[in-house]
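Right, one structure below, let's go through it.
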Amino acid sequence: MKPHNRKPISPDVALERLMALCVGAEHCRHEMMAKLSSWGIAPDNASRIIATLKKSKFIDDRRFAVAYAHDKARFNAWGCRKIRLGLLQKHITADDITAALAEIDPEDYRQGLLQTIRSKIISLGPEVSATYEGRTKIFRHAASRGFEPEMIAGILRDRGLMDEMMQCR
């Protein structure tokens, strides 16, 4: 990120601002580094600030990953594939990503997929949803939300469940 055209702030002020920011929500190391860079903090000072935040437990990438995965699965109805990509973009390690995805409640996850399919059925209409083209659109939509193809296909093959969802409006 390119620094703003503002006067750079001191490292002490930057640390205080980041601590205040971390009190309100989970943040990862990568986000904090980007914020420091945008404030014009030198890389060596930024590293010291990040180390202080980690030592004081204001930031923890694993804790961030678990919170991110939980929130995206539950509130945004994202599948594991999309969550994984989001965490990779935030430079979270593979071990932390695996641990975060393991924390997702399987029933909440399935309900998220069902809700995604149900909302697409409503937008297409039950008549269209019953066709091959409609089912393909539903499949693509759920896959674009990051759900696994095998899981989507299993639900689409379940006639009773699909009939039930097509009746609900």
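Start at 1 with the first residue, then count along the sequence.
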With hydrophobic residues grouped by side-chain heavy-atom distances under 4.5 Å, do Val66 and Leu87 end up in a single group?
no

Can you tell me how far apart CD1 (Ile97) and SG (Cys80) are? Round to the nearest 0.5 Å.
11.5 Å

Apply ring-ring contact (aromatic ring centres under 6.0 Å, His included) to Phe139 and list each qualifying residue two or more places apart in sequence or on a separate chain.
none

Aromatic Trp78 / basic Arg84 pairing, under 6.0 angstrom, 45° off normal
no

Contacts of type salt bridge (Lys or Arg N to Asp or Glu O under 4.0 Å), residue Lys82, not counting sequence neighbours
none

Can you check whether Arg81 reaches Pro149 side chain to side chain, under 4.5 Å on heavy atoms?
yes

Looking at side-chain heavy atoms only, is the closest gap between Leu21 and Phe58 below 4.5 Å?
no

Within 45° of the six-membered ring axis of Phe75 and under 6.0 Å from that ring's centre, is NZ or CZ of Lys72 located there?
no

What do the steps show when you test Thr116 against Ile152 for side-chain contact (heavy atoms from CB on, under 4.5 Å), and what is the final call?
CA-CA 10 Å; Thr116 298; Ile152 301 165; over 6 Å; no

Is there a side-chain contact (heavy atoms from CB on, under 4.5 Å) between Thr93 and Asp61? Walk through the geometry before answering.
CA-CA 8 Å; Thr93 65; Asp61 281 353; over 6 Å; no

Sequence neighbours excluded, which residues qualify as side-chain contact (heavy atoms from CB on, under 4.5 Å) partners of Glu16?
none

Taking side-chain contact (heavy atoms from CB on, under 4.5 Å) as the definition, give me every residue that meets it alongside His91, ordered by chain and number, with sequence neighbours left out.
His30

Whether Ser56 side chain and Leu53 backbone form a donor-acceptor pair below 3.5 Å:
no

Residue pair Ala100 / Ala69: nearest heavy atoms and the distance that separates them
O-CB, 3.9 Å

Not counting sequence neighbours, which residues clear side chain to side chain donor-acceptor pair (under 3.5 Å) with Asp95? List them please.
none

Can a donor-acceptor pair be found, under 3.5 Å and without considering hydrogens, that links the side chain of Ser123 to the backbone of Lys120?
yes

Residues which pass ring-ring contact (aromatic ring centres under 6.0 Å, His included) with His70, listed by chain and number, not counting sequence neighbours
none

Which heavy atom of Ala46 sits nearest a heavy atom of Ile41, and at what distance?
N-CG2, 3.7 Å

Tell me which pairs pass salt bridge (Lys or Arg N to Asp or Glu O under 4.0 Å) where either residue lies in residues 140-149, with sequence neighbours left out.
none

Which distance, rounded to the nearest 0.5 Å, do you find between the CE of Met33 and the CD1 of Ile59?
9.5 Å

Between Lys54 and Asp60, is there a side-chain heavy-atom distance shorter than 4.5 Å?
no

Assess the residue pair Ile83 and Ile104 against the criterion (side-chain contact (heavy atoms from CB on, under 4.5 Å)); give the C-alpha distance rounded to whole Å, side-chain angles, the decisive distance to 0.1 Å, and a yes or no.
CA-CA 11 Å; Ile83 293 169; Ile104 296 172; 3.9 Å; yes

According to side-chain contact (heavy atoms from CB on, under 4.5 Å), who are the partners of Asp12, at least two apart in sequence or on a separate chain?
Ser10

Would you indicate whether the side-chain heavy atoms of Met32 and Cys22 approach each other to under 4.5 Å?
yes

How far apart are the closest heavy atoms of His27 and Ala25, and which atoms are they?
CD2-O, 3.2 Å

Test side-chain contact (heavy atoms from CB on, under 4.5 Å) on Lys35 and Leu18 and set out the steps.
CA-CA 9 Å; Lys35 182 78 65 183; Leu18 292 181; 3.8 Å; yes

Rounded to the nearest 0.5 angstrom, the CD1-CZ distance for Ile121 and Arg135 is 8.5 Å

Side chain to side chain donor-acceptor pair (under 3.5 Å) with Arg48: which residues, sequence neighbours excluded?
Asn45

Applying salt bridge (Lys or Arg N to Asp or Glu O under 4.0 Å), which residue pairs with at least one partner in residues 96-113 are found, sequence neighbours left out?
Arg62-Asp96

What's the shortest heavy-atom distance between Ser129 and Leu124, and which atoms?
OG-CB, 3.8 Å

Residues pairing under salt bridge (Lys or Arg N to Asp or Glu O under 4.0 Å) where one sits in residues 20-33, two or more places apart or in two chains, turn out to be Glu26-Arg63, Glu31-Lys90

Partners meeting ring-ring contact (aromatic ring centres under 6.0 Å, His included) with Tyr109 (sequence neighbours left out)
Phe147

